[in-house]
Every structure is written in C-alpha cells, then in structure tokens.
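Input: a single structure, listed below in structure tokens.
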Amino acid sequence: MLNTYSYEAALAASESVHWRVEDIIGGEKRLDFTRHFMPESLAQTESLSFLTNEERRILNQIRGNAYLCIFGLVEEFILPFVLDHARPQLQGDDYRVRALLQFAGEEAKHIQLFKRFKQEFEDGFGTECQVIGPPEAIAAAILSHEPLGIALTTLHIEWMVQRHYIDSIKDDQDLDPQFKSLLKHHWIEEVQHAKLDTLMVGALAAGRGEEEILHGVEEYLAIGGFLDNGLKQQVEFDLESFELASGRTLSVPQREEFQRVQLRANRWTYLGTGMTHERVLETLEWLTPKARQIVESVSPAFC
Ligand SMILES: [Fe+2]
Ligand SMILES: [Fe+2]
C-alpha cells in the first residue's frame with residue numbers, strides 16, 4: 001500500500017482540487033437552521049424517543065457544531081506535527097517538501113474555515129454551545145506523545161473523514177446544503193492527507209524493531225483514551241446546550257438515556273470509525289500484525 005502512494009501524485013491531486021475559504025462560506029452561502037447538519041449514523045438522535053422532531057434537529061445541529069469545532073481542535077495539533085516532520089528534510093526530495101507544506105497549508109486553511117463556521121453558527125443558532133478545549137492545551141497534550149503514536153492518530157483522523165463523507169454524508173439529501181458543502185470541501189482535501197499520513201507513518205517506522213513499533217501503537221491508544229475523556233465532557237456540554245436551546249429540562253432517566261446514547265454516538269463518530277477503517281488496519285498490519293491485533297481487540301468498545 002505504501003508503494004502505491006507518492007508525494008508527487010498527492011501534490012498534483014491536491015493542487016487540482018484547491019479551494020479558497022472565501023469561495024465556500026460567507027455572503028449568500030448561509031447555514032439553514034431549519035435543516036439537519038449531521039447524518040443520523042453519527043448524530044444518533046432517533047433512538048432518543050422522548051425528543052420531538054424539532055428537538056432532534058436542535059440536538060443534531062449542536063452535534064454538527066461540535067463536529068466542526070472538534071476538527072478545528074485536532075487540526076491544531078496536526079499542523080505543527082506535519083511542519084516538524086517536514087523541517088529536518090527541507091533539502092531532500094522536492095516533491096516531499098512541497099506535498100507536506102501543502103498539507104500543512106491546507107490544515108491551516110481548514111482551521112480558519114472552522115473558525116468562520118463557528119462564528120456563523122453562534123450568530124444563527126441563538127444560544128451558546130460549549131465545546132471542549134482550549135485548542136492549544138489539547139494540541140500540547142497530544143504533541144507530548146511519541147511521533148509514531150501522533151502519526152497514527154493523524155492517520156486515523158484522515159481516514160475517518162473519508163468514511164464519514166462517503167458512507168454517511170454524500171448521499172444524505174436531508175442535510176443542509178451549506179453544511180454539507182463545508183464537509184465536502186474538507187473531505188476533498190483530506191483524501192491526499194490520508195495518503196501523506198500513510199507515508200509519514202512509513203517514514204517514522206523505518207528502522208524500528210517490533211517493540212518500538214508497539215510502543216508507538218500504545219501511544220496512539222493513549223491519545224485515543226485522552227480524546228475519549230474529552231468526548232465524555234463534550235456529551236455533558238451537549239446536554240447543557242440542548243436544554244438551553246430547547247428550553248426543556250430533561251428528567252433524570254431522560255438525562256441518563258441522553259448521556260448513554262450520545263456517548264456511544266460520539267465514540268463511534270470520532271474513535272470507532274477511524275480504528276476500524278480498513279486502510280488504518282492495513283497500515284497497522286504492515287507495521288506488524290500484532291499492531292493490528294491490539295487495535296482490533298480495543299476497538300469494539302468504541303463501536
Ligand atoms: Fe483538515
Ligand atoms: Fe487533514
């Protein structure tokens with residue numbers, strides 16, 4: 001698989017699909033708050049039978065806001081990580097240097113896009129929705145881990161974006177067209193990131209013995225555990241945001257049901273869909289079959 005990806009091809013593909021933030025948000029391009037933002041497979045509001053349709057839409061939009069804000073958060077660690085990875089070999093392969101800098105530039109652009117979205121969401125939604133953070137603290141915690149663990153986390157995130165868009169978003173006609181457009185434009189550039197991440201994992205694993213590789217996998221799982229704690233906090237924020245926006249106070253059993261269903265939904269969205277992605281598993285297996293086995297033994301908890 002590593003042999004099928006190249007810096008030159010990734011750079012060429014990236015340049016051919018390039019877009020500007022100004023082309024996809026602002027002006028006439030507005031969010032429609034009467035529509036859903038997230039596909040049901042990720043939002044999972046249907047099984048909360050005590051919610052009305054309007055309340056489901058409110059929760060769906062809260063989840064949509066958190067989704068783009070959480071991408072903004074994780075891309076704040078991906079950006080310096082990719083720059084650090086490129087920096088020691090600026091005199092090396094020209095295509096490698098340019099492809100990695102393009103990758104970093106696109107993540108900086110995505111962070112800006114998500115900030116623009118956040119502002120528009122706040123202006124249109126009507127009540128405050130808290131999201132975990134601050135981004136710098138989350139980035140610092142993740143970047144304190146070992147580089148192979150960070151590269152595997154990045155790989156997970158990039159393939160996860162592919163899966164969300166292709167499996168759940170692309171053909172969902174109920175979603176707000178503007179929100180869907182943001183997801184589509186993000187997805188289109190992330191395709192190349194997923195390939196470049198695979199090459200980064202290969203470069204970081206080169207020359208390592210199995211024990212060192214497995215240490216990198218442990219680090220990946222430790223970062224996953226850190227993110228999982230963030231998701232538990234996010235479910236609490238979403239519950240508060242829901243009660244504030246809907247003007248409804250849930251009973252104790254309803255709150256417990258909300259927390260249970262939404263924690264499962266968040267875990268599937270951000271952890272399960274990446275950990276079980278076939279391309280992620282193939283890369284793990286390429287590192288060492290034990291790496292794949294370890295991740296496969298842990299992933300059911302997030303699915
Ligand atoms: Fe991105
Ligand atoms: Fe990316």
Side-chain angles (χ1 to χ4, degrees), residues 17 19-49 51-75 106-107 109-132 157 160-191 231 234-235 237-248 258 261-262 265-266 268-270 273:
V17 298
W19 46 264
R20 302 183 321 144
V21 170
E22 297 73 20
D23 295 333
I24 63 168
I25 194 165
E28 297 289 294
K29 299 183 176 70
R30 313 288 299 178
L31 295 166
D32 180 352
F33 285 92
T34 67
R35 307 284 293 264
H36 281 200
F37 290 175
M38 292 292 282
E40 173 59 20
S41 67
L42 303 180
Q44 294 183 29
T45 64
E46 292 292 331
S47 66
L48 296 170
S49 56
L51 298 185
T52 64
N53 283 338
E54 191 191 340
E55 288 168 342
R56 285 200 181 93
R57 179 179 48 73
I58 290 170
L59 176 56
N60 182 291
Q61 291 174 359
I62 290 168
R63 288 290 310 284
N65 176 55
Y67 185 74
L68 289 195
C69 289
I70 287 173
F71 272 111
L73 282 180
V74 296
E75 296 198 345
E106 285 168 357
E107 295 299 29
K109 181 175 67 175
H110 299 171
I111 292 168
Q112 188 184 12
L113 173 71
F114 299 148
K115 283 181 186 161
R116 287 280 303 272
F117 161 81
K118 188 169 189 280
Q119 189 58 54
E120 193 178 320
F121 183 89
E122 280 171 7
D123 293 345
F125 187 69
T127 53
E128 199 194 341
C129 297
Q130 244 189 298
V131 177
I132 50 172
I157 292 167
M160 179 178 100
V161 172
Q162 299 306 299
R163 185 169 188 175
H164 291 176
Y165 187 76
I166 294 164
D167 289 3
S168 307
I169 297 162
K170 188 161 109 355
D171 298 323
D172 190 331
Q173 305 309 328
D174 290 336
L175 303 182
D176 166 41
Q178 171 60 4
F179 193 85
K180 193 170 169 177
S181 162
L182 301 183
L183 298 177
K184 181 183 177 183
H185 284 87
H186 186 231
W187 161 75
I188 234 167
E189 291 190 338
E190 296 288 307
V191 182
L231 297 179
Q234 187 59 50
V235 171
F237 285 154
D238 289 352
L239 178 52
E240 280 173 33
S241 303
F242 171 77
E243 290 193 329
L244 188 62
S246 65
R248 177 176 175 186
F258 182 108
V261 168
Q262 284 299 302
N266 273 270
W268 170 243
T269 301
Y270 302 102
T273 54

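We number each residue from 1, following the sequence as shown. The figures that follow rest on heavy atoms only: side chains count, while hydrogens, waters and symmetry mates do not.
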Task: Spacing of Ile58 atom CD1 and Asp238 atom CG [to the nearest 0.5 Å] - done: 13.0 Å
Task: Residues Lys109, Glu106: salt bridge by 4.0 Å N-O rule - done: no
Task: Ring geometry between Phe114 and Phe71 (parallel below 30°, tilted from 30 to 60°, perpendicular above 60°) - done: tilted
Open item on the list: Check this for me, if you would: do Arg248 and Glu243 make a salt bridge, where the nitrogen-to-carboxylate-oxygen distance has to be below 4.0 angstrom?
Closed with: no
Task: Side-chain donor-acceptor contact under 3.5 Å, Thr269 with Arg63 - done: yes
TODO: Check whether any side-chain heavy atom of Cys69 lies under 4.5 Å from a side-chain heavy atom of Leu73, and answer yes or no.
DONE: no
Task: Over all atoms of both residues, closest heavy-atom pair of Leu42 and Ala265 - done: O-CB, 3.6 Å
Open item on the list: Quick one: does any side-chain atom of Thr127 pair with a main-chain N or O of Leu244 as donor and acceptor, under 3.5 Å?
Closed with: no
Task: Donor on one side chain, acceptor on other, Glu189 and His110, under 3.5 Å - done: yes
Open item on the list: Is it the case that the side chain of Asn266 and the backbone of Gln262 share a donor-acceptor pair, with hydrogens and angles ignored and the cut-off at 3.5 Å?
Closed with: yes
- [ ] Answer yes or no: is there an ion pair linking Arg116 with Glu120, defined by an N-O contact shorter than 4.0 Å?
- [x] no
Task: Tyr67 side chain to His164 side chain, donor-acceptor N/O pair below 3.5 angstrom - done: yes
